[in-house]
Q: 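Structure in structure tokens, see below.
So that the names make sense, note that chain A is the first sequence line, chain B the second, and so on, each numbered from 1.
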Amino acid sequence: MTMAFTRPRGTRDFLPEEMARRRYVEGVMREVFESFGYGEVQTPTFESLELITAKSGEDIRRHLYHFKDKAERDLALRPELTAPVMRLYINELKRSPKPVKVYYIGNCFRYEEPQSGRYREFWQAGVELIGPPHEEAEAEVVALAMATLERLGLEGFEVHIGHIGVLRRILEDGGVREEDQNPVMNAIDKGEEAALKGLLEKLQVPEESRSVLLTILELEGPSREVLGKARALLAGRTGVLEELERFERVLCALGFFGVEGYRVDLGIARGLDYYTGTVFEIYAPRLGAQKQICGGGSYSLTETLGGAPVPTCGFAFGFDRVLLALEAEGRKLGGDKGPKALVVPAGKDLLGEAIRVAASLRKSLPCEVDLMKRKLVKALGYADSRGIPLVVIIGEEELAKGCVLVRDMKTGAQRDVKVEDLGSIKVHE
RNA sequence: GCCGGGAUAGUUUAGUGGUAGAAUUGGGGACUGUGGAUCCCCUGGCUCGGGUUCGAUUCCCGGUCCCGGCCCCA
């Protein structure tokens, strides 16, 4: 035999059992998103390279799958879905009544070294909320992300909330223009202290602003405690305090949604350049290195993509990681989806009759015809190994009476059932 | 991009410088219409390329893929 083909590195095949779990989790996410009024959208798997690289940062660019099509267009497989969905908004939905609330579940592609919880093709599920300029909107997306995880039954997750507006305003007051802020935010996100200090020096940020920034980045803990310290630290800086107050209103609104138990972490900066205000990350600590299962916040992208400015916020789950986290907790994901009955011809020349019977049975019960033309013993063994609870035996004897034989695999009980009464048979648990 | 550890039937594995066994799965049979048992038969494999060698699945180098870590992200 010649060498078989293998999957491209970092991709996966999903077998029926795993697909059932994935579809179940997708279903729960859809349900929760829709219960908050979000509607599903889908965008192309590839987009123009320009759209993808706009404001997403150097780092994303390095990990892109990009190519030219036959007309020499530069295209890229999407590495995330926020920018494509914002493009869709600008193209199709900008005149829709506000708020515009959309969600998506789709595959994304990044050329990185695969490891546990990281693949070159992975799935994101997320929402974007467009229009409301108020703190309650930012709170809603945080609450929605948490509600989704709770509905899925995930127990071990941590929510960290921060505010990039506060950080950006400190820099602004220190004389750092917006385009120079992004490298600083990147250094913060990566936790590269030396690089950060170097940058601040290079940008000639005043000593005082510098120390305020470095101190505030360290603030992490329960909201009351952190906010108290931040307020004291920022005393007299009215611009920054305004941002802090915005943040406090978000946290206050979270209370309306019944959300608690999160931690405030002013050191969160996020890896993408387009974030502006509230930012949050959710971790499933038992996943280890790849523990981040969700990231989001408010951002500014529409202007960059050629649209009018509009307040936007949202989040994305790392779908595969959410699944891993649920499995790590031993959650049962979805019920049994297999056939409930196996229709078996007792004799090779009865397969046609079996197919006919199955066709009518299928109107009321998912069932499968045994197509192997094998002995009854083997067919029963097959039903057993697949866990199919009922076997419908098509035999000459019963057929003569207009009946088929229905066998309950669990109890071994059998009875004749008139062909026209098949609609009434059920699986007894 | 960097760093470890791997790769023998579909799966789990044994083993060897002279081209390989087992268990299990799958198909058939013993049992011509009754399962989860037993027995028998069949199908099926040394990741790829190069080097050393009379001879490489085995030793060496490289690729590919897998597992994991760093970086980063989801």
Side-chain angles (χ1 to χ4, degrees), chain A residues 1-13 15 56-64 78-82 104-126 145 186-187 189-192 195 268-272 280-284 287-296 315-325 342 344-350 354 370-399 404-414:
Chain A
M1 194 173 80
T2 51
M3 191 52 218
F5 292 104
T6 55
R7 260 174 288 129
R9 184 168 168 77
T11 63
R12 291 158 295 162
D13 293 317
L15 274 34
S56 57
E58 184 53 38
D59 220 67
I60 289 279
R61 205 167 315 196
R62 274 191 8 247
H63 295 137
L64 277 182
R78 58 191 182 193
E80 52 107 31
L81 280 156
T82 299
Y104 53 79
I105 301 175
N107 51 351
C108 300
F109 305 83
R110 290 185 198 174
Y111 194 90
E112 296 191 86
E113 287 314 305
Q115 64 190 71
S116 97
R118 186 165 70 195
Y119 311 98
R120 289 183 174 176
E121 182 189 27
F122 61 99
W123 271 257
Q124 285 196 344
N186 264 308
D189 180 53
K190 291 174 190 168
E192 289 171 354
I268 297 182
R270 309 284 302 136
L272 303 171
F280 70 102
E281 299 182 338
I282 303 180
Y283 312 110
L287 292 188
Q290 267 63 48
K291 66 179 181 173
Q292 193 186 328
I293 57 175
C294 180
F315 66 78
F317 283 121
F319 182 85
D320 311 276
R321 291 184 186 174
V322 170
L323 209 82
L324 286 173
L342 181 69
V344 181
K348 289 188 173 99
D349 44 343
L350 290 173
D370 190 66
L371 293 168
M372 292 293 284
K373 293 196 176 180
R374 81 242 285 191
K375 296 188 179 199
L376 191 50
V377 208
K378 299 283 184 184
L380 289 172
Y382 171 75
D384 180 55
S385 68
R386 289 280 317 268
I388 301 173
L390 293 177
V391 170
V392 177
I393 299 164
I394 311 300
E396 295 284 5
E397 235 173 83
E398 292 80 4
L399 236 33
V404 295
L405 188 59
V406 177
R407 177 182 180 83
D408 183 315
M409 292 297 282
K410 207 166 182 179
T411 63
Q414 301 191 155

Q: Suppose we define a pair by two distances each less than 3.5 Å, Watson-Crick or G-U wobble; what does B:C71 pair with here?
A: none
Q: Take atom CZ of A:F122 and atom P of B:A74, then tell me their distance rounded to the nearest Å.
A: 7 Å
Q: Between A:R374 and A:Y382, is there a side-chain heavy-atom distance shorter than 4.5 Å?
A: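 In short, these two side chains touch, coming nearer than 4.5 Å.
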Q: May I ask you to establish whether A:R120 and A:F109 are in a cation-pi arrangement, using a distance under 6.0 Å from NZ or CZ to the six-membered ring centre and at most 45° from the ring axis?
A: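 No; the conditions do not both hold, so A:R120 does not lie above the ring face of A:F109.
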Q: Strictly by modelled atom types, are A:Q124 and A:E80 linked by a side-chain donor-acceptor pair under 3.5 Å?
A: no
Q: Please state how far atom NZ in A:K291 lies from atom P in B:C71, giving the value in whole angstrom units.
A: 12 Å
Q: Taking only the C1' atom of each, what is the distance from B:G26 to B:G69 in whole angstrom?
A: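 Going atom to atom, C1' in each nucleotide, I get 38 Å.
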Q: Please work out if A:G117 contacts a base, only the sugar-phosphate, or nothing of the nucleic acid, heavy-atom cut-off 4.0 Å.
A: base
Q: From CD of A:E112 over to C1' of B:G69, roughly how many Å is that when rounded to an integer?
A: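 Between C1' of B:G69 and CD of A:E112: 14 Å.
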Q: B:G49 and B:U12: how far apart are their C1' atoms, nearest whole angstrom?
A: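 B:G49 and B:U12 have their C1' atoms separated by 29 Å.
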Q: Any chance you could list the contact pattern along nucleotides 29-34 of chain B? Use B for base contacts, S for sugar-phosphate-only contacts and - for none, protein heavy atoms under 4.0 Å, 5' to 3'.
A: BS-SBB
Q: Answer with yes or no whether A:R118 presents, from its side chain, a donor or acceptor under 3.5 Å of a partner atom in the base of B:C72.
A: yes
Q: Partner lookup for B:G44, please. Criteria are Watson-Crick or G-U wobble with both distances under 3.5 angstrom; report none if nothing qualifies.
A: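 Check on B:G44: unpaired, no WC or wobble geometry under 3.5 Å.
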Q: Does B:G17 have a Watson-Crick or wobble partner in any strand here, with both distances under 3.5 angstrom, and which is it?
A: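 WC or wobble partner does not exist here.
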Q: Quote, to the nearest angstrom, the P distance that separates B:A56 from B:G50.
A: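 The same atom, P, in both gives a distance of 12 Å.
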Q: Please check the phosphate of B:C67 (OP1 and OP2 only) for any side-chain N or O of A:S116 closer than 4.0 Å.
A: no
Q: Rounding to a whole Å, what distance do you find between A:H63:NE2 and B:C2:P?
A: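 The answer, rounded to whole Å, is 12 Å.
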Q: Tell me what A:C294 touches on the nucleic acid: a base, only sugar-phosphate, or nothing, going by heavy atoms under 4.0 Å.
A: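 Answer is sugar-phosphate: A:C294 comes under 4.0 Å of backbone atoms only.
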Q: Expressed in whole Å, how much space separates the C1' atoms belonging to B:A9 and B:C2?
A: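 To the nearest whole Å, 36 Å.
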Q: Looking at every strand, decide which applies to A:Y382 at a 4.0 Å heavy-atom threshold: base, sugar-phosphate, or nothing.
A: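 Contact class for A:Y382: none.
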Q: Between A:F317 and A:F315, is the gap from one ring center to the other below 6.0 Å?
A: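 Yes, ring centres under 6.0 Å apart.
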Q: Between B:U43 and B:G28, how far apart are the two P atoms, rounded to whole Å?
A: 15 Å
Q: What integer distance in Å separates A:I282:CD1 from B:A74:P?
A: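 Taking atom P of B:A74 as the reference, CD1 of A:I282 is at 13 Å.
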Q: Write down the partner of B:U64 under the Watson-Crick or G-U wobble criteria, each distance required to be under 3.5 Å.
A: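 The base-pairing partner of B:U64, which may sit in any strand shown, is B:A7.
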Q: In whole Å, what is the span from the CD atom of A:Q290 to the C1' atom of B:A74?
A: 9 Å
Q: I'd like to know if A:R9 and A:E112 make a salt bridge, using a cut-off of under 4.0 Å between side-chain N and carboxylate O.
A: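 Salt bridge flag = no for A:E112 with A:R9.
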Q: What does A:G296 touch in the nucleic acid at a heavy-atom separation under 4.0 angstrom: a base, only the sugar-phosphate, or nothing?
A: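 Contact class for A:G296: none.
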Q: What is the separation between atom CZ on A:R120 and atom P on B:C67, rounded to the nearest whole Å?
A: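 It works out to 12 Å between those atoms.
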Q: Looking only at atom C1', what distance separates B:C59 and B:U52, rounded to whole Å?
A: 8 Å
Q: Which comes earlier along RNA chain B counting from the 5' end, the contact point of A:G10 or that of A:Q124, where each point is its nearest nucleotide?
A: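 Its nearest nucleotide being more 5', the pick is A:G10.
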Q: For atom C1', what is the distance between B:A30 and B:G68, given to the nearest Å?
A: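 B:A30 and B:G68 have their C1' atoms separated by 49 Å.
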Q: Applying a 4.0 Å non-hydrogen cut-off, can you work out what A:Q115 is touching in the nucleic acid: base, sugar-phosphate, or nothing?
A: base
Q: Return yes if some donor-acceptor pair links the side-chain N/O of A:R321 with the main-chain N/O of A:G117 below 3.5 Å, else return no.
A: yes
Q: Answer whether the closest heavy-atom distance between the side chains of A:M409 and A:L380 falls below 4.5 Å.
A: yes
Q: Which heavy atom of A:Y119 sits nearest to which heavy atom of A:L324, and what is that distance?
A: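 Between these two residues, the closest heavy atoms are OH-CD1, 4.2 Å.
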Q: Using whole Å, what does the distance between atom P of nucleotide B:U64 and atom CZ of A:R9 come to?
A: 8 Å
Q: Are A:F317 and B:A74 stacked, counting the six-membered base ring, centres under 5.5 Å, planes under 30°?
A: no
Q: Taking atom P in both B:U24 and B:G36, what distance in whole Å separates the two?
A: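 The same atom, P, in both gives a distance of 15 Å.
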Q: Please check if the side chain of A:R12 supplies one atom and the backbone of A:E121 the other of a donor-acceptor pair under 3.5 Å.
A: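 Side chain of A:R12 to backbone of A:E121, a donor-acceptor pair under 3.5 Å: yes, one is there.
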Q: Below 4.0 angstrom from OP1 or OP2 of B:C72, is there any side-chain N or O of A:R62?
A: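 No, no such contact exists.
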Q: Which nucleotide in the set B:G1, B:C72, B:C66 lies at the smallest distance from any side-chain heavy atom of A:E113?
A: B:G1
Q: Could you give the distance from CZ (A:R386) to CG (A:L342), rounded to the nearest 0.5 Å?
A: 9.0 Å
